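Before any comments, here is the structure.
All values below were derived from every heavy atom in this structure, side-chain atoms included, with hydrogens, water molecules and symmetry-related copies excluded. Remember, predicted model here, so these are calculated numbers, not experimental data. We number each residue from 1, following the sequence as shown.
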Amino acid sequence: HTRKHIEDSDAAVEGKLKALARQYAEEWGVETDFEVRHGFVASCILELARHLKADGVICCSTHHSAGRELFMGNNTMNLARMTHRPLLILPVEGARSSSGSPVFLATDGSENAGRCEDLFRKLVADGQEGRVVWVRPDDAPPEAEEVDRKVHDIANSEASVHARILNGQPARKLLEVIRDGQPALTLIGKRGTTPVEQFPLGHTAETVVRESLYPVLLVP
């Protein structure tokens, strides 16, 4: 912040983080720690994750439009674009999923989705209900039928998993499925099919991360 307040001091922030670390350690039965850094938020978090060799990063997100993000900036979207580690995004709005909610896998069958698919298989291996969702774009390529088969193969690997193949604009259709299905988690690969290296997130993943009111796990 340009204007400093007493509650922004390192000592004040460290006190709050220490209390949170103690609370989570007691409630969750896990080891916790805390750290205060200065600089660009996303860069600092991801550098710390790299230093600690973290399995992933968890962050909260406020539902907002692309226009609001453009003018105000957003740490969650910066993390999503920059991360090389799985990023779990928990929306602060929206209804909480029920204990029996399914896990969704949003895939386009590309090589970029391979790591995401592997993680999905692990999550549903113990009978967890799952949905494999593939949205055929209006200008679907000839290999779309191969993706159809791959989606059914993933679904058929577990009795508790089902395939869902839709047609239309991928981002919008995925958000509709997420809204209606209220999943406990949606897995989506980070890179889209665009060859432009300056946009490493991909339009579909970026839209789902920005607008979903249910948890999303972004897998690079």
Side-chain angles (χ1 to χ4, degrees), residues 1-64 69 72-99 101 103-106 112 114-126 128 183-191 200-202 205-206 208-220:
H1 299 289
T2 304
R3 183 176 179 183
K4 291 293 183 180
H5 301 275
I6 186 66
E7 63 268 23
D8 297 325
S9 69
D10 282 5
V13 174
E14 286 180 1
K16 293 178 182 178
L17 293 182
K18 186 175 183 179
L20 281 174
R22 186 186 306 113
Q23 175 187 336
Y24 295 150
E26 293 173 354
E27 292 180 358
W28 300 341
V30 297
E31 183 180 341
T32 60
D33 202 350
F34 65 93
E35 183 163 338
V36 176
R37 290 196 173 197
H38 296 263
F40 183 65
V41 175
S43 295
C44 287
I45 291 173
L46 296 176
E47 169 57 26
L48 180 59
R50 185 196 65 77
H51 175 71
L52 296 175
K53 298 180 180 179
D55 292 324
V57 176
I58 302 173
C59 68
C60 290
S61 177
T62 302
H63 185 63
H64 58 276
E69 181 209 340
M72 299 184 66
N74 183 267
N75 292 321
T76 300
M77 295 310 302
N78 288 332
L79 283 168
R81 294 186 182 108
M82 296 170 61
T83 187
H84 293 286
R85 287 173 164 74
L87 178 70
L88 175 59
I89 300 115
L90 304 176
V92 299
E93 303 161 355
R96 180 173 296 186
S97 302
S98 66
S99 58
S101 297
V103 172
F104 284 3
L105 167 65
N112 295 321
R115 188 179 178 198
C116 199
E117 293 169 1
D118 291 343
L119 182 54
F120 175 77
R121 292 176 190 272
K122 293 179 181 179
L123 291 175
V124 299
D126 60 352
Q128 163 69 44
L185 185 65
T186 297
L187 282 72
I188 189 166
K190 176 176 175 177
R191 185 177 292 279
L201 185 55
E206 179 164 344
V208 171
V209 166
R210 180 189 291 117
E211 299 186 27
S212 174
L213 291 177
Y214 292 87
V216 173
L217 181 60
L218 186 65
V219 184

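Judged purely by atom type and a 3.5 angstrom limit, Ser101 uses its side chain to pair as donor or acceptor with the backbone of Ser98. In this structure a side-chain-to-backbone donor-acceptor pair under 3.5 Å is missing from Glu93 to Ser61.
Nearest heavy-atom pair, Pro91 versus Ser212, reported as atom, atom and distance to 0.1 Å: CB-O, 3.8 Å. When all heavy atoms of Glu14 and Phe34 are compared, the closest pair comes out as O-CE1, 4.0 Å. Of all non-hydrogen atoms in Pro220 and Thr83, the two that sit nearest each other are CG-O, 3.9 Å. In plain terms, the two heavy atoms of Val216 and Leu185 that are nearest each other are C-CD1, 4.1 Å. Shown here for Cys44 and His38, the closest heavy-atom pair between the two residues is SG-O, 3.4 Å. Between Gln128 and Leu123 the shortest heavy-atom distance is CB-O, 3.3 Å.
Expressed to the nearest 0.5 Å, how far CD of Glu206 lies from CD of Glu211 amounts to 10.0 Å. To the nearest 0.5 Å, the span separating CZ on Arg85 from CD1 on Ile45 amounts to 13.5 Å. Rounded to the nearest 0.5 angstrom, Asn74 CG and Arg81 CZ are separated by 8.0 Å. The OG atom of Ser43 sits 12.5 Å away from the CG atom of Leu48 when rounded to the nearest 0.5 Å. From Lys53, atom NZ reaches atom CG of Asp55 across 12.0 Å, with rounding to the nearest 0.5 Å.
Partner Leu218 forms a side chain to side chain contact (heavy atoms under 4.5 Å, CB included) with one of Ile188, Thr186, Leu88 and no other, that one being Ile188. Of the residues listed (Leu187, Val219, Leu217), the one engaging Leu105 in a side chain to side chain contact (heavy atoms under 4.5 Å, CB included) is Leu187, and it is the only one.
Few gaps surround CG on Leu90; more than 12 heavy atoms of other groups in view lie less than 6.0 Å from it. Surrounding CD of Glu27 are more than 12 heavy atoms belonging to other residues, nucleotides or ligands, all under 6.0 Å away. Residue Asp118 qualifies as enclosed at atom CG: its count of foreign heavy atoms under 6.0 Å is above 12.
Here Arg115 pairs with nothing under the salt bridge (charged side-chain N to carboxylate O under 4.0 Å, His left out) rule; sequence neighbours left out. With sequence neighbours excluded, the residues forming a salt bridge (charged side-chain N to carboxylate O under 4.0 Å, His left out) with Arg50 are Glu47, listed by chain and number.
Taking 4.5 Å as the limit, every side-chain heavy atom of Pro183 sits out of range of all side-chain heavy atoms of Val103.
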